[in-house]
2 protein chains.
Amino acid sequence: MANRTDALSRERIVATAVQMLDATGEEGLTFRALSAQLKTGAGAIYWHVANKSELLDAATDAVLAGATTVAEAAPEAEIRALALGLFDAIDVHPWLAGQLAQGPWKSEALRIFERLGQRVQALGVPAPAQFTSATALMIFIVGAAAQNAANASNAAKIRAAQPDASRTAMLAVESAAWEGLDPGDYPFLHDIAGQLREHDDREQFLAGVDLILAGIAALRPQA
Amino acid sequence: MANRTDALSRERIVATAVQMLDATGEEGLTFRALSAQLKTGAGAIYWHVANKSELLDAATDAVLAGATTVAEAAPEAEIRALALGLFDAIDVHPWLAGQLAQGPWKSEALRIFERLGQRVQALGVPAPAQFTSATALMIFIVGAAAQNAANASNAAKIRAAQPDASRTAMLAVESAAWEGLDPGDYPFLHDIAGQLREHDDREQFLAGVDLILAGIAALRPQA
DNA sequence: ACCTGAACACCGTTCAAGT
DNA sequence: ACCTGAACACCGTTCAAGT
């Protein structure tokens, strides 16, 4: 019968790759480990996939597809929903950050860029500024989510060695380090150490998106 | 005498690593190639440097130090100068992008974040919004420069196979691809294909920085 | 204290040989 | 057409042995 679970196919390879990426990150995805999981030889995978880079692209597309469908709303609200969708997708699949961080975006990532751009147009941004606006949004979203993913994987690594290191405990350590800096040399970090300790990642992310939206609003010709 | 050119030292290792990174990128920096260049064994390097990650950190700091000194000016102008300094540093050393893209920033990168934050404070941004503002700036700067670096290395790779592929020619190809998309599915990309073809990277980057600065200005209590 | 270079435990990718 | 698995050309890192 068609679609037997144990038949090797590009789909099954990509799906398994996504699972391994989620579990162990990009360096955990190995053709040896992958072929072991799939109970084949390494060479069998190369029949369906050109190389590791193409496999990562396929995994990225698989995860991004449908990760950012957005309910109809006002353009700003749709941009926030799109942003949050990407943020959450990267939170669940931290390896996505590395794939998206270095454009040029293609396939699914390009689709997201397109959707952001549509909302930028709907906001009434003048044509010459649309490219800048949509790019700024995409770069910030991907960059902020990448930071978040890096922090999370960092936390996971430390927790592996010291299992009781909670996220708040780690933030407290970094925050204390900033507080301990010489206020003469580091007045800013010294000042905001408290904000670092108490900040919520999602809230902080949305505040950043709103900051860019405010900048975009300033580009609009006054009605 | 002290500082003989052929004495192995952490400094000389890092300096040579930077040269190799600039020439061949991160995957070109190998302990074998590095030790060959330095005319030693691979193990000798490990006497001065813990591992490759630490070596990359040291190379990042070496390149970032002094790369972003900025003449005194109005806060906005200083932020633009800081941003442009980082942009240019990543342009010359594309491997920097990968190092900075995944914070938490440390040593020299943290210093740059501090300097950005000082200017945000000078702009009169209310305390609760300072963290968001400085972070948004840093993320955009690093993200945009990373895109640029990726495009450049992409261009270099294609040029290696097809030596007459100029940057403008490559942009024209991508632009034409966007123009060829179905305007029903991709109205935005179809529209801005022309802007992609004609845009100047530095100008586009500065426009993005100004966009965020405009958003930051909107945070300021009206005088 | 510092350096050597072989050795270990891995990689991605290829390819003759099988079915 | 698709799969097997050994082999190739690499990695980062370690470590006994040298000076």
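In this text the structure is predicted, and so the values were computed from the model without any measurement. In what follows, chains carry the letters A, B, and so on, assigned in the order in which the sequence lines appear, proteins first and then strands, with residues in each chain numbered from 1.
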Item to complete: Figure out the OH/P separation between B/Y46 and C/dG5, and round it to whole Å.
Response: 17 Å
Worksheet item: When we call it a touch if two heavy atoms are under 4.0 Å apart, what does B/T30 touch: a base, just sugar-phosphate, or nothing?
Response: sugar-phosphate
Discussion item. For a salt bridge (Lys or Arg N to Asp or Glu O under 4.0 Å) check, start with the C-alpha distance between A/D91 and A/R202, then their side-chain angles and the critical distance, and finish with the verdict.
Written reply: CA-CA 10 Å; A/D91 199 44; A/R202 268 171 85 95; over 6 Å; no
Fill in: Spacing of B/L34 atom CG relative to D/dC11 atom P, expressed in whole Å
12 Å
Worksheet entry | Donor-acceptor pair between A/W178 and A/E174 side chains, under 3.5 angstrom | yes
Worksheet item: How close or far is atom C1' of C/dC3 from atom NZ of B/K39, stated in whole angstroms?
Response: 16 Å
Worksheet item: Please give, in whole Å, the distance from D/dC11 C1' to B/R32 CZ?
Response: 6 Å
Practice prompt. Quick one: sort the B/Y46 and B/F31 rings into parallel, tilted or perpendicular, breaks at 30° and 60°.
Written response: parallel
Response to the item:
Walking DNA chain C from its 5' end, the first of A/A44 and A/A33 to be reached, judged by nearest nucleotide, is A/A33
Worksheet entry | Rounded interatomic separation in angstrom, taking CE from A/M20 and C1' from C/dC11 | 14 Å
Fill in: Residue mapping more 5' on DNA chain D - nearest nucleotide basis, B/E27 or A/S9
A/S9
Worksheet entry | Length of the CD-C1' vector between A/E26 and C/dC11, whole Å | 13 Å
Item to complete: Starting at atom CD1 of B/I13, determine the distance to atom P of D/dT13, rounded to an integer number of angstrom.
Response: 14 Å
Item to complete: Scan A/L55 against the nucleic acid and name what it touches under 4.0 Å (heavy atoms): base, sugar-phosphate only, or nothing.
Response: nothing
Worksheet item: So, is B/W47 close to the C/dC2 phosphate, meaning a side-chain N or O under 4.0 Å from OP1 or OP2?
Response: yes
Discussion item. Any carboxylate oxygen within less than 4.0 angstrom of a Lys/Arg side-chain nitrogen, looking at B/R10 and B/E54?
Written reply: yes
Worksheet item: Base, sugar-phosphate, or nothing for A/L29, non-hydrogen atoms under 4.0 angstrom?
Response: sugar-phosphate
Worksheet entry | B/S175 side chain vs B/A193 backbone, donor-acceptor pair below 3.5 Å | yes
Worksheet entry | For D/dC10, the Watson-Crick or wobble partner whose two distances fall under 3.5 Å | none
Worksheet item: Paired with C/dG5 by Watson-Crick or G-U wobble geometry, both distances under 3.5 Å: which nucleotide is it?
Response: D/dC15
